[in-house]
Amino acid sequence: MSKKFFVSTPIYYPNDKLHIGHAYTTTLADYINRYKKLDGYETYFVTGSDEHGQKIEDKAKELNQEPYNYVTSIVETFKDLWVKLGIEYDSFVRTTDETHKKIVTENFSKLVEKDFIYKGNYEGLYCKSCETFLTQTQLTDGKCPECGREVEKVSEESYFLKVSDFKDFVKEKLQSGNVLLSKNRIDELVNNFVDDLQDLSVTRTSFEWGIPINEDQKHIIYVWLDALQNYLTTFEINKKEGWSIDEVWGKDSNIEILQLVGKEITRFHAIYWPIILEMLGYRQPRVLAHGWIVTDSGEKMSKSKGNVIDPIKLIDQYGRDAIRYYLINNIETGKDGKFSDKLLIEEINGILVNKYSNLVSRTNAMNKKYFDGVVPSQGKVGQHEDDLWDKINQEIKTYKEQMNSYQFSASTKTAIRVVEALNLYIDKTEPWKISVEEGLDTVINNLVKGIYVSTTLLAPALIDTSEVVSKWLGEELSLENLEKDFSGKTLDELPHLFERIK
Ligand code: MSP
C-alpha cells in the first residue's frame with residue numbers, strides 16, 4: 001500500500017484580504033506537502049474559507065451586500081493569492097458549500113441522537129472578532145485576551161455540546177504528544193481551559209448567517225463547530241480516489257495527518273476538535289501550532305493593529321521563492337519570528353544569492369570553460385571527496401529527520417549546509433588552479449552531483465528555482481535516489497537564479 005499524508009491549514013475568515021501572517025500558515029502546509037510528494041507519498045492538502053458567523057454578517061450589512069456575495073468576492077482574492085504563492089492544494093472548502101452544510105447538519109443530529117447535545121440558555125460574554133465565548137476571568141483588562149477588542153454580553157437560548165464530560169480524555173490527548181507544542185504551553189492549555197471546561201454553546205439565535213439545524217430552524221450552528229468540520233467534509237466536496245472521511249478519519253486508518261494552526265487557535269484544535277472527533281467516532285489528528293509573524297518591534301501582525309504587510313506586493317517585488325524561503329527558514333517553527341523588508345533582503349543577498357545562486361553559476365561557468373559544457377566523469381577521488389560526501393550524507397539524514405518531525409525552519413538550514421559544504425569544497429580544491437590529471441574532472445563532476453542534492457532538498461521551498469535547475473540538469477528531482485551521476489550530460493546556459501537586491 002502506498003504511503004499517504006493529509007495536511008490542512010485553518011480556513012480563513014473572508015472579512016478582509018489576507019496578509020503575510022495567513023500566507024505563513026499556508027506556505028508551511030505547502031512546504032511539507034511538497035516534501036511528502038518528493039518522498040513518494042500520495043497526499044491530500046485542504047485549505048478554505050470560514051464564511052459564516054456574526055462578524056461576516058455584520059460586515060456584509062455594513063457594506064449593504066448579501067453575505068454570500070460579499071464573501072464570494074473576498075474568497076476570489078484568497079484563491080488568487082494561493083496561485084501567486086504557488087500553493088498546490090487539492091481542495092478549497094467554502095463553508096457555504098451545500099455538501100459541507102448537509103454533512104454538518106447531519107453530524108449535529110448524530111450528536112443530538114447520541115445525547116452529546118442538549119438545549120439550554122447561554123448567558124455570558126462573546127468576542128465577535130474571534131467568534132469566541134469567554135468567561136469573566138479569561139478577560140484581560142475587561143477585553144478579549146486574544147484580539148484586545150471589547151466583548152459583548154450574550155443571553156440567548158442555545159444548544160450545548162457536553163464537552164465537560166471529556167476533561168480527562170482531552171488531558172490525556174494533550175499530554176500524549178499529538179499536539180506539537182512546548183510542555184509549558186500544554187500545561188497552560190490544561191490549566192486555563194481544560195480543568196474548568198464548560199459545556200460549549202453550539203448554536204446561536206440572535207443572527208441568521210449560519211447553518212440552521214434540522215431540530216429547530218431558528219438556531220444556527222456556532223461558527224467554530226461548523227468550520228472545524230471542513231477537515232471532514234472536504235473529502236465529499238473535492239473527491240480524490242483513495243481519500244474519504246472514513247479512510248482518513250476512521251479509527252483504523254494509519255494515514256499520516258498533520259493539521260497546521262496558529263497558536264491563538266490551538267485551543268479550538270487541541271481541545272474542542274479532538275472531543276468532536278471522539279464523539280463522532282473518529283480518530284485523533286496531530287496538530288502543529290506555529291508562532292506569529294511579528295513586526296520589528298515584536299508586535300503581532302494583524303489587521304486590528306494596522307500593521308499588516310500585503311503578500312501580493314512582496315511577491316511582485318521579490319519573487320515567490322524568496323518569500324516562501326524566508327517564511328519557512330526565518331520564522332523558527334513554533335516560535336514567533338520577525339518579518340521586514342530589510343530582513344528579507346539580507347536573507348536573499350546573504351544566502352540565496354551569495355551561497356546558492358553563486359554555487360550554481362560558478363559550477364556552470366567552470367563546466368563550460370573547461371569541458372565545453374559537457375559534465376566530465378569522475379577521475380581520481382581523494383580525501384576532499386570523502387569529506388564532502390560524508391558531510392552531505394549526514395545532512396540528508398538530518399534533513400529527513402527534521403522534515404519527518406516537522407521542524408521546517410531547521411530543515412531549510414540543513415539544506416543550506418549542503419550548499420555551504422559544496423562552496424567549501426570549491427575553496428579547498430581550487431579547481432581554477434588544477435588540471436584534469438590533478439582532478440579537475442572529479443571536482444566538476446561532484447559539484448554537479450551536489451547541486452542536484454541541495455536543489456532537491458530546497459525544492460519544497462524554492463519551487464520555481466528548483467524547476468529551472470532540474471531542467472538545466474535534465475533530471476527530475478526525487479528524494480528516492482539522490483546519488484545521480486551527470487557525466488556526459490550537456491548543461492546549457494542558465495539564468496541567474498537570484499539577483500542581488502540593492
Ligand atoms: N477561521 C478561523 C480558523 C478556523 S479553522 C477551522 C481563523 N481564521 S483567521 O483568518 O483569523 O486566521 C487563520 C490563521 O492565520 C491562523 O492559523 C492564524 O494563526 C494565522 N495568522 C493570522 N495572523 C498571523 C500572524 N501575524 N502570524 C502568523 N500567523 C497568523 O482563525
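All values derive from a computational prediction rather than experimental measurement. Note that ligands are numbered from 1 as they come in the structure, with each ligand's atoms numbered from 1 the same way.
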N/O to N/O below 3.5 Å, does that happen between [X] and ligand 1?
X: I293; value: yes
X: W224; value: no
X: G262; value: yes
X: Y13; value: yes
X: A227; value: no
X: I11; value: yes

Between Y70 and K59, is there a cation-pi geometry (under 6.0 Å to ring centre, at most 45° from the normal)?
->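 The answer is no, since K59 fails at least one limit relative to Y70.
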Any idea which protein heavy atom is nearest [atom], and the distance to it?
atom: atom 18 (C) of ligand 1; result: E264 OE2, 3.0 Å
atom: atom 14 (C) of ligand 1; result: Y12 CE2, 3.5 Å
atom: atom 29 (N) of ligand 1; result: G21 O, 3.2 Å
atom: atom 15 (O) of ligand 1; result: H22 CD2, 3.3 Å

Pairs satisfying side-chain hydrogen bond (donor to acceptor under 3.5 Å, both in side chains), at least one member in residues 12-23, at least two apart |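 Only Y12-T26 qualify under side-chain hydrogen bond (donor to acceptor under 3.5 Å, both in side chains).
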Would you indicate which of [options] comes nearest to [atom] when only heavy atoms are counted?
atom: atom 23 (N) of ligand 1; options: H52, H19, K263; value: H19
atom: atom 26 (N) of ligand 1; options: H290, E146, M301; value: M301
atom: atom 31 (O) of ligand 1; options: I331, I265, T26; value: I265

Answer with yes or no whether Y231 contacts ligand 1, where contact means a heavy atom under 4.0 Å from a ligand atom.
->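 Heavy atoms of Y231 do come under 4.0 Å of ligand 1.
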Would you say G291 touches ligand 1, if touching means a heavy atom closer than 4.0 Å?
->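 Contact check G291 vs ligand 1: positive.
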K3 side-chain N/O to D39 backbone N/O, donor-acceptor pair under 3.5 Å =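 Yes, the answer is positive, given that a donor and an acceptor are paired below the 3.5 Å cut-off.
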Whether N307 side chain and K300 backbone form a donor-acceptor pair below 3.5 Å |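 Side chain of N307 to backbone of K300: a pair is present.
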Do the side chains of L161 and I117 get nearer than 4.5 Å, heavy atoms only?
->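 Yes, close enough: below the 4.5 Å cut-off.
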Ligand-side contact atoms (ligand 1) for residue partner D50, heavy atom cut-off under 4.0 Å =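 Answer for ligand 1: 1 (N), 2 (C), 4 (C).
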Salt bridge check: are K128 and E131 linked by an N-O gap of less than 4.0 Å?
->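 Salt bridge absent between K128 and E131.
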Does K84 pair with D80 as a salt bridge, N-O distance under 4.0 Å?
->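 Salt bridge: no.
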Plane angle bin for W224 and F268 - parallel if under 30°, tilted between 30 and 60°, otherwise perpendicular |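 Because their plane-to-plane angle is under 30°, the rings of F268 and W224 count as parallel.
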Can you name the residues that form a side-chain contact (heavy atoms from CB on, under 4.5 Å) with T414, not counting sequence neighbours?
->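 So T414 forms a side-chain contact (heavy atoms from CB on, under 4.5 Å) with E395, T398, Y399, Q402, R417.
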Of the side chain and backbone of T25, name the one, both, or neither that has a heavy atom under 4.0 Å from an atom of ligand 1.
->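 Only the side chain of T25 comes within reach of ligand 1.
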Between D216 and Y159: side-chain donor-acceptor atoms closer than 3.5 Å |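 There is such a pair (donor and acceptor under 3.5 Å, judged by atom type) between the side chains of D216 and Y159.
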May I ask you to check whether F235 and Y44 place their ring centers less than 6.0 Å from one another?
->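 Yes, close enough.
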